[in-house]
Trainee: 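Dropping the structure in here first, questions after.
Because the structure is a prediction, the values reported are computed rather than measured.
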Amino acid sequence: MSSSAQPIKTVTIIGSGLMGSGIAQVAAASGHKVTVVDQSQEIIDKASASIQKSLGRVVKKKFPDDSKAQQTYIADVMSHLSLQTDAVAAVKSADLVIEAIVENLDVKKILFSSLDKEAPSHTIFASNTSSIPIKDIASSTSRLDRFGGLHFFNPVPVMKLVEVIRTPETSDETFSALESFGKAVGKTTVQCKDTPGFIVNRLLVPYMMEAIRLVERGEATPRDVDTAMKLGAGYPMGPFELSDYVGLDTTKFIIDGWTEREPNNPLFSQSELLNKLVAEGKLGVKSGEGFYPYNKK
């Protein structure tokens, strides 16, 4: 690899769900040439519509009384964006490949192993994983020095943070390029080594789990805990409201992975209440019920 990093101009994003589409939107809006890849044309079409709908919300705030400016802005952003189903073709000219697919290590490793054979030598790989160690994903490739983490937050166009993660093998050049990209798409970046949960989830998930255990012990109700943390600690949402918003299955998935890796860490201990709710399909807002009931629209 050259001694000076090449600027990231072309970005390929694998996965067009909420996170992938959001990353694509902010990257295209900041002038990057973006290709989004997913498994079928139907999924891709849905992602395109979702991005345009999101841009519609952006322009209403950006140009509240100028419909022409709104249309021009949306057209300009979409002109930087292409969506397709051929991942191999999409990475051949990419400076950066960001993976935003299912949180499954084996699936991620299969993907990166196949892309590693096709992407140019200068291409940097990054994962948007929130809970799987970057080094475990990177091990499937031959570019450990050109592999890092870019952890965006949902909803990406609104949330101002991206965690930039480095493994012991990530080169300074790669890390600098990833951080520069995060800033270029308008985010505030923070640096973190490849530790479970990085910064935000490492603090947030044990906090949510301890709230669940407190209720499990019968010491307070979910509503009182949420009220206490909002009014006493100044949090915008209480831990149970947040858990329902994130998805109880997602929270369980993260804590299960951490428990497996560090079974003796009390911060990562299981909750029978959480396990019971997930087993019953009570996953939070998305299922209509979690710790609280919701009216499904």
Trainee: Identify whether the distance between the nearest side-chain nitrogen and carboxylate oxygen of R146 and E173 falls below 4.0 Å.
Mentor: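 No, R146 and E173 are not salt-bridged.
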
Trainee: Write down the atom of S269, the atom of M209, and the distance for their closest heavy-atom approach.
Mentor: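 S269 and M209 have their closest heavy atoms at O-CE, 3.6 Å.
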
Trainee: Group every Ile, Leu, Val, Met, Phe, Trp and Tyr by side-chain heavy-atom contacts under 4.5 Å, then state whether V158 and V156 land in the same group.
Mentor: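 Unlinked, V158 and V156 end up in two clusters.
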
Trainee: With no hydrogens and no angle check, is any side-chain donor or acceptor of T259 less than 3.5 Å from a backbone partner on F268?
Mentor: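 Between the backbone of F268 and the side chain of T259 there is a qualifying donor-acceptor contact (under 3.5 Å).
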
Trainee: Should the pair E169-K135 be classified as a salt bridge under the 4.0 Å nitrogen-to-oxygen rule?
Mentor: no

Trainee: Tell me if a side-chain donor or acceptor on K53 pairs with a main-chain N or O of S48 at a distance below 3.5 Å.
Mentor: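 Between the backbone of S48 and the side chain of K53 there is no qualifying donor-acceptor contact (under 3.5 Å).
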
Trainee: Is any side-chain heavy atom of F291 less than 4.5 Å from a side-chain heavy atom of K282?
Mentor: no

Trainee: Between K276 and E280, is the closest basic N to carboxylate O distance under 4.0 Å?
Mentor: yes

Trainee: Flag the pair L277 / L283 as yes when at least one side-chain heavy-atom distance between them is below 4.5 Å, and no otherwise.
Mentor: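 They are not in contact (no side-chain heavy atoms under 4.5 Å apart), so the answer is no.
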
Trainee: Does this structure show an ion pair linking R213 with E210, if we count only N-O contacts that are shorter than 4.0 Å?
Mentor: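 Salt bridge between R213 and E210, a charged N being under 4.0 Å from a carboxylate O: yes.
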
Trainee: Can you see which heavy atom on A94 is nearest to which on T12, and at what distance?
Mentor: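 A94 and T12 have their closest heavy atoms at CB-OG1, 3.5 Å.
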
Trainee: If you take all heavy atoms of A119 and R143, which pair is closest and at what distance?
Mentor: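 Here A119 and R143 meet closest at O-NH2, 3.2 Å.
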
Trainee: Distance-only, no hydrogens or angles: does the S54 side chain make a donor-acceptor pair with backbone N or O of I51 under 3.5 Å?
Mentor: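 Looks like no, no N/O pair under 3.5 Å.
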
Trainee: Which other residues belong to the hydrophobic cluster containing L231, where Ile, Leu, Val, Met, Phe, Trp and Tyr are joined when side-chain heavy atoms lie under 4.5 Å apart, directly or via other members?
Mentor: none

Trainee: Are the side chain of T10 and the backbone N or O of S93 linked by a donor-acceptor pair below 3.5 Å?
Mentor: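 The answer is yes, because a donor-acceptor pair under 3.5 Å joins these two groups.
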
Trainee: Considering only residues two or more places apart or on different chains, which pairs with a residue in residues 75-96 satisfy ring pair (Phe, Tyr, Trp, His ring centres under 6.0 Å)?
Mentor: none

Trainee: Please verify the inter-ring angle class for Y294 with Y292; under 30° counts as parallel, over 60° as perpendicular, anything in between as tilted.
Mentor: perpendicular

Trainee: Can you name the nearest heavy-atom pair linking T221 to V215, along with the distance?
Mentor: C-CG2, 3.9 Å

Trainee: Report yes if some heavy atom in the side chain of S127 is under 4.5 Å from a heavy atom in the side chain of E99; otherwise report no.
Mentor: yes

Trainee: Is there a chain of hydrophobic side chains (I, L, V, M, F, W, Y, each step under 4.5 Å between heavy atoms) that links V34 to L18?
Mentor: no

Trainee: Where is the tightest heavy-atom contact between D95 and K9, given as atom of each residue plus distance?
Mentor: OD2-N, 2.9 Å

Trainee: Have T129 and E103 got a donor and an acceptor in their side chains that come within less than 3.5 Å?
Mentor: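 Their side chains do contain a donor-acceptor pair, which is all the 3.5 Å distance test asks for.
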
Trainee: Could you check whether R166 pairs with D194 (Lys NZ or Arg NE/NH1/NH2 to Asp/Glu carboxylate O, under 4.0 Å)?
Mentor: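 No, no charged N to carboxylate O under 4.0 Å.
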
Trainee: Work out which heavy atom in D38 is nearest to a heavy atom in I44; give both atom names and the distance.
Mentor: N-CD1, 3.5 Å

Trainee: Measure the CD-CG distance between E289 and N295 for me, rounded to the nearest 0.5 Å.
Mentor: 11.5 Å

Trainee: Decide yes or no for I199 and V190: does some side-chain heavy atom of the first lie under 4.5 Å from some side-chain heavy atom of the second?
Mentor: yes

Trainee: Can you confirm whether H151 sits close enough to V162 that some side-chain heavy atom of one is under 4.5 Å from a side-chain heavy atom of the other?
Mentor: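 SC-SC contact between H151 and V162 ruled out.
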
Trainee: Counting C-beta onward and ignoring hydrogens, is there a side-chain heavy-atom pair between F253 and T250 closer than 4.5 Å?
Mentor: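 F253 vs T250: side chains apart.
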
Trainee: Please collect all ring pair (Phe, Tyr, Trp, His ring centres under 6.0 Å) contacts where either partner lies in residues 14-62, sequence neighbours excluded, each pair once.
Mentor: H32-F181

Trainee: Return yes if a side-chain donor-acceptor contact under 3.5 Å exists between Q84 and T35, otherwise no.
Mentor: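 Side-chain D/A pair, Q84 to T35: absent.
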
Trainee: Hey, what else clusters with I165 if you join Ile, Leu, Val, Met, Phe, Trp, Tyr whenever side-chain heavy atoms sit under 4.5 Å?
Mentor: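 I14, V37, V91, V97, I101, V102, L105, V107, L111, F112, L115, F125, I132, I134, I137, F147, F198, all in the cluster of I165.
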
Trainee: Please check if M19 and I43 belong to a single hydrophobic cluster, counting links between Ile, Leu, Val, Met, Phe, Trp and Tyr side chain heavy atoms closer than 4.5 Å.
Mentor: no

Trainee: Whether the side chain of E118 engages the backbone of V88 through a donor-acceptor N/O pair (distance < 3.5 Å, no angle test) should be reported.
Mentor: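 Flag not set: sc E118 to bb V88 has no pair under 3.5 Å.
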
Trainee: With heavy-atom distances below 4.5 Å as the criterion, would you say the side chains of F175 and V164 are in contact?
Mentor: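 Yes, side chains in contact.
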
Trainee: Verify, without hydrogens or angle tests, whether S131 (side chain) and I254 (backbone) share a donor-acceptor contact under 3.5 angstrom.
Mentor: no

Trainee: With a 3.5 Å distance limit and no angle check, can you tell me whether S113 reaches the backbone of I110 through a side-chain donor-acceptor pair?
Mentor: no

Trainee: Within the distance-only criterion (no hydrogens, no angle test), does the side chain of T189 pair as donor or acceptor with the backbone N or O of E179 below 3.5 angstrom?
Mentor: no

Trainee: Show the atom names and distances, to 0.1 Å, of all donor-acceptor pairs under 3.5 Å that link a side chain in residues 57-68 to residues at least two apart or in another chain.
Mentor:
{"unit_1": "D66", "atom_1": "OD1", "unit_2": "K68", "atom_2": "N", "d": "3.3"}
{"unit_1": "D66", "atom_1": "OD1", "unit_2": "A69", "atom_2": "N", "d": "3.0"}

Trainee: Please collect all salt bridge (charged side-chain N to carboxylate O under 4.0 Å, His left out) contacts where either partner lies in residues 229-255, sequence neighbours excluded, each pair once.
Mentor: R223-E241, K230-E241, D249-K286, K252-D256

Trainee: Check whether any side-chain N or O of D226 sits under 3.5 Å from a backbone N or O of F240 as a donor-acceptor pair, and report yes or no.
Mentor: yes

Trainee: Do L204 and L242 have side chains that get closer than 4.5 Å, going by heavy atoms?
Mentor: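 Yes, their side chains come closer than 4.5 Å.
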
Trainee: Strictly distance-based, threshold 3.5 Å: is any side-chain N or O of E216 a donor or acceptor partner for the main-chain N or O of E272?
Mentor: yes

Trainee: Charged N to carboxylate O under 4.0 angstrom, D136 versus R261?
Mentor: yes

